[in-house]
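A short write-up of the structure that comes next.
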Amino acid sequence: MAETSIEWTDATWNPVAGCTVLTAGCTNCYAMRMAARLDAMGQPKYKGLTRKSGGRSVWTGKVRLDHKSIDVPKSWSKPRKVFVNSMSDLFHTDVPPDFIARVWATMKATPRHTYQILTKRPDRMAAILSQPEFEILPNVWLGASVEDGRVLSRLDDIRKVPAAIRFVSLEPLIGSVAAGDLTDIDWAIVGGESGPRARPMNPEWVSEIEAMCRKSGTAFFFKQWGGKNKKAAGRMLNGRTYDEMPSAHSFS
């Protein structure tokens, strides 16, 4: 486990490491920089997962399953919100369903924790989790990353996922998503890109999303403005912070 400064969670758990650049939201992924740093520090889990390209570290496309970490959350006695695979995507095409099932078993065995799983592949998430061996777990929130209007189909895909809580991460928000629909999405996280190559976020895009959330009854969480110095930019919107969280609801 790693304690984290991510505003909407408490800790990270990475049973998978490594990923593939998929769409524009991946261009400046913080996890690529972090994986390269961990590799340079001699951590074998991250060895060879990135390469240098254009002066930056990018995924090689190699994915590594960390079987030793599967049971780690069972040792945490204090209840936590846990971001699953901050350094990868559990529903990457190279992560087999039987490994996902082992992750599922651990989450089922630790109902004291709340698990938050984000994917850029909600179509695969829906296909796998619709299988009878995967039950809906009340302590597991399932979400999709949507960075701009070119990937709005992910909203439709995440709606197909059997889940207690469905959410969307609109981060890095690099374009308007006003043409999307947040119906049946319980929670929306909004944030600008951060880091040395951060792309700007238009405040109008944020206002559009807040209005969408009010219309659909979606909890609105504004994470950050981002930029090269995200701490300086802060996370105030219209003179206040927005830390709304989803409410548990009944499901079949």
Side-chain angles (χ1 to χ4, degrees), residues 4-9 12 18-38 49-61 83 85-89 91-92 116 118-122 143-158 167-182 185 187-213 218 220-243:
T4 179
S5 61
I6 297 172
E7 290 81 356
W8 46 265
T9 197
T12 59
C19 206
T20 303
V21 173
L22 192 63
T23 54
C26 303
T27 301
N28 298 318
C29 176
Y30 76 92
M32 296 191 295
R33 299 194 304 271
M34 179 65 73
R37 195 174 305 139
L38 292 170
L49 297 185
T50 62
R51 61 180 176 82
K52 287 292 184 181
S53 177
R56 61 193 180 96
S57 298
V58 299
W59 296 123
T60 60
F83 179 18
N85 280 338
S86 61
M87 298 295 291
S88 185
D89 187 331
F91 292 90
H92 189 285
Q116 301 155 313
L118 264 177
T119 183
K120 285 187 171 65
R121 299 158 178 86
S145 296
V146 177
E147 65 262 25
D148 61 23
R150 291 171 289 185
V151 291
L152 290 178
S153 62
R154 292 177 187 165
L155 294 176
D156 294 324
D157 290 330
I158 198 65
F167 71 104
V168 60
S169 173
L170 303 153
E171 182 190 18
L173 187 64
I174 56 174
S176 173
V177 295
D181 177 12
L182 295 180
I185 305 296
W187 188 35
I189 304 165
V190 183
E193 189 166 62
S194 60
R197 300 171 184 254
R199 292 162 285 185
M201 179 174 65
N202 187 329
E204 184 178 344
W205 303 338
V206 181
S207 297
E208 291 170 348
I209 294 167
E210 187 190 0
M212 293 164 67
C213 286
T218 303
F220 175 74
F221 191 106
F222 185 64
K223 180 174 176 282
Q224 64 181 32
W225 286 105
K228 292 183 179 179
N229 187 341
K230 68 177 183 179
K231 288 186 178 180
R235 54 188 303 264
M236 298 284 286
L237 173 66
N238 300 324
R240 55 163 289 192
T241 56
Y242 290 81
D243 295 325

So, using salt bridge (Lys or Arg N to Asp or Glu O under 4.0 Å) as the criterion, who are the partners of R33 when residues are at least two apart? none
Listed by chain and number, what are the salt bridge (Lys or Arg N to Asp or Glu O under 4.0 Å) partners of E208, not counting sequence neighbours? none
Check for a donor-acceptor pair, side chain of [X] on one end and backbone N or O of [Y] on the other, with a separation under 3.5 Å.
{"X": "S57", "Y": "R51", "result": "no"}
{"X": "S88", "Y": "G18", "result": "yes"}
{"X": "R56", "Y": "T27", "result": "yes"}
{"X": "T218", "Y": "I185", "result": "yes"}
{"X": "E193", "Y": "R199", "result": "yes"}
{"X": "E7", "Y": "R235", "result": "no"}

Apply side-chain contact (heavy atoms from CB on, under 4.5 Å) to V190 and E210, showing your working. CA-CA 9 Å; V190 183; E210 187 190 0; over 6 Å; no
Considering all heavy atoms, the nearest [X]-[Y] contact:
{"X": "R150", "Y": "A24", "answer": "NH2-CB, 3.4 Å"}
{"X": "A198", "Y": "K228", "answer": "CB-N, 4.3 Å"}
{"X": "G191", "Y": "K223", "answer": "CA-CB, 4.5 Å"}
{"X": "I174", "Y": "G25", "answer": "CD1-N, 4.3 Å"}
{"X": "G180", "Y": "L152", "answer": "N-CD1, 3.7 Å"}
{"X": "K120", "Y": "S145", "answer": "CG-CB, 3.8 Å"}

To the nearest 0.5 Å, what is the distance between [atom1] on [X] and [atom2] on [Y]?
{"X": "L38", "Y": "T50", "atom1": "CG", "atom2": "OG1", "value": "9.5 Å"}
{"X": "M212", "Y": "L170", "atom1": "CE", "atom2": "CG", "value": "7.5 Å"}
{"X": "R154", "Y": "I158", "atom1": "CZ", "atom2": "CD1", "value": "11.0 Å"}
{"X": "Y242", "Y": "I209", "atom1": "OH", "atom2": "CD1", "value": "13.5 Å"}
{"X": "S194", "Y": "M201", "atom1": "OG", "atom2": "CE", "value": "10.5 Å"}
{"X": "E147", "Y": "C26", "atom1": "CD", "atom2": "SG", "value": "6.5 Å"}

What is the ring orientation for W187 with F167, classed by angle as parallel under 30°, tilted 30 to 60°, or perpendicular over 60°? tilted
Is there a side-chain contact between [X] and [Y] in this structure, where contact means two heavy atoms from C-beta onward sitting under 4.5 Å apart?
{"X": "T9", "Y": "T4", "value": "yes"}
{"X": "C29", "Y": "W59", "value": "yes"}
{"X": "F221", "Y": "D243", "value": "yes"}
{"X": "V177", "Y": "V168", "value": "no"}

Sequence neighbours excluded, the answer for ring pair (Phe, Tyr, Trp, His ring centres under 6.0 Å) partners of F222 is W225
Sort out for me which residue in D89, T20, D157 forms a side-chain hydrogen bond (donor to acceptor under 3.5 Å, both in side chains) with R121. D89
